[in-house]
Amino acid sequence: QVQLVESGGGLVQAGGSLRLSCAASGRTFSSYAMGWFRQAPGKERDLVAAISASGLSTYYADSVKGRFTISRDNAKNTGYLQMNSLKPEDTAVYYCARNSGLYYKTNLGEYADWGQGTQVTVSS
């Protein structure tokens, strides 16, 4: 079992930036890939970005490419999502999740453990 705790959400104006953090405990952090998802009201939970256990391979949804950067610090057991040039359509609850295995998956069902989520609101 892995416990994940997100932080860093908040209210920001369009064009602004936020950095989300995901603090992990339980299993060895460097032994699994992780992802960031988001869910807006009335919509499905979608994968935003994912990163392999080593941090060498990453994935981004088309909607955030060039604006968001996923990273991880295995020494600190923490993952990050740097979000720049935020848009109102980025407004959602953001979740980090653990994917069993070293390489990231893009299917939501492959993620075993989830954080409680952090709200990101982008005003126009």
Side-chain angles (χ1 to χ4, degrees):
Q1 189 75 15
V2 171
Q3 292 77 44
L4 302 168
V5 179
E6 302 96 337
S7 61
L11 173 64
V12 64
Q13 288 189 330
S17 298
L18 284 173
R19 188 196 197 198
L20 305 184
S21 298
C22 176
S25 61
R27 299 183 65 174
T28 304
F29 186 66
S30 60
S31 69
Y32 54 86
M34 62 172 295
W36 285 94
F37 291 76
R38 66 186 181 188
Q39 187 168 20
K43 296 190 176 181
E44 295 184 347
R45 189 172 299 188
D46 294 324
L47 179 64
V48 173
I51 189 167
S52 63
S54 66
L56 295 179
S57 296
T58 57
Y59 164 89
Y60 294 96
D62 287 343
S63 59
V64 306
K65 280 181 182 177
R67 299 189 298 122
F68 290 11
T69 302
I70 189 171
S71 63
R72 62 192 297 159
D73 186 336
N74 287 345
K76 294 183 178 180
N77 294 341
T78 303
Y80 304 97
L81 184 67
Q82 177 67 44
M83 306 186 295
N84 298 330
S85 302
L86 283 161
K87 304 175 181 180
E89 51 263 44
D90 294 318
T91 295
V93 177
Y94 284 71
Y95 300 88
C96 65
R98 178 184 77 90
N99 163 208
S100 60
L102 298 176
Y103 199 72
Y104 65 77
K105 305 291 196 308
T106 58
N107 185 343
L108 181 149
E110 300 280 358
Y111 287 80
D113 298 294
W114 295 80
Q116 83 288 351
T118 186
Q119 177 70 47
V120 171
T121 303
V122 185
S123 63
S124 58

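Scope of the values below: all heavy atoms of this structure, side chains included, with no hydrogens, waters or symmetry mates. Sequential numbering from 1 along the given sequence is applied to the chain's residues. Owing to the predicted nature of the structure, the values given are computational and were not obtained by experimental measurement.
- Side chain of Thr78 to main chain of Ala23: no donor-acceptor pair is present (N/O by atom type, distance under 3.5 Å, no hydrogens or angles).
- Rounding to the nearest 0.5 Å gives a distance of 12.0 Å between OG1 of Thr58 and CZ of Arg72.
- For Ser124 against Ala14, the heavy-atom pair with the smallest separation is CA-CB, 4.4 Å.
- One finds the CG atom of Leu18 at 8.5 Å from the CD atom of Gln82 (value rounded to the nearest 0.5 Å).
- Leu11 has its side chain out of reach of Gln119: every pair of non-hydrogen atoms, C-beta onward, lies at least 4.5 Å apart.
- The stretch residues 12-108 participates, sequence neighbours left out, in these disulfide (SG to SG under 2.5 Å) pairs: Cys22-Cys96.
- One hydrophobic cluster, built from ILVMFWY side chains closer than 4.5 Å, cannot hold both Tyr95 and Leu81; they sit in different ones.
- Identified under the side chain to side chain donor-acceptor pair (under 3.5 Å) test for residues 96-108, with sequence neighbours left out: Arg98-Asp113.
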I would like to know whether Met83 and Leu20 meet side-chain contact (heavy atoms from CB on, under 4.5 Å); could you show each step before the answer? CA-CA 8 Å; Met83 306 186 295; Leu20 305 184; 3.7 Å; yes

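- Leu47 and Val2 end up in different hydrophobic clusters when Ile, Leu, Val, Met, Phe, Trp and Tyr side chains are linked at under 4.5 Å.
- Linking ILVMFWY side-chain heavy atoms closer than 4.5 Å, directly or via other members, places Ile70 and Trp114 in two distinct hydrophobic clusters.
- Under the 4.5 Å side-chain heavy-atom criterion for grouping Ile, Leu, Val, Met, Phe, Trp and Tyr, Ile51 is connected to Leu4 within one hydrophobic cluster.
- For residues 7-18, no residue pair satisfies the salt bridge (charged side-chain N to carboxylate O under 4.0 Å, His left out) rule, not counting sequence neighbours.
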Give the table of side-chain donor-acceptor pairs shorter than 3.5 Å for residues 30-39, with sequence neighbours excluded, one pair per line with atom names and distance.
{"residue": "Ser31", "atom": "OG", "partner": "Thr28", "partner atom": "O", "Å": "2.6"}
{"residue": "Trp36", "atom": "NE1", "partner": "Tyr80", "partner atom": "O", "Å": "3.4"}
{"residue": "Arg38", "atom": "NH1", "partner": "Asp90", "partner atom": "OD1", "Å": "2.8"}
{"residue": "Arg38", "atom": "NH1", "partner": "Tyr94", "partner atom": "OH", "Å": "2.9"}
{"residue": "Arg38", "atom": "NH2", "partner": "Ser63", "partner atom": "OG", "Å": "3.4"}
{"residue": "Gln39", "atom": "OE1", "partner": "Arg45", "partner atom": "NE", "Å": "3.2"}
{"residue": "Gln39", "atom": "OE1", "partner": "Arg45", "partner atom": "NH2", "Å": "3.3"}
{"residue": "Gln39", "atom": "NE2", "partner": "Lys43", "partner atom": "O", "Å": "3.1"}

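- For the pair Phe68/Leu86, a side-chain contact is recorded, criterion being any heavy-atom separation below 4.5 Å from C-beta on.
- When hydrophobic side chains of Ile, Leu, Val, Met, Phe, Trp and Tyr are connected at separations under 4.5 Å, Leu102 ends up as a singleton with no cluster partners.
- Both Tyr59 and Leu108 sit in one connected hydrophobic cluster of ILVMFWY residues. Membership requires side-chain heavy atoms under 4.5 Å apart, directly or through other members.
- Applying the salt bridge (charged side-chain N to carboxylate O under 4.0 Å, His left out) definition to pairs two or more places apart or across chains, none involves residues 15-25.
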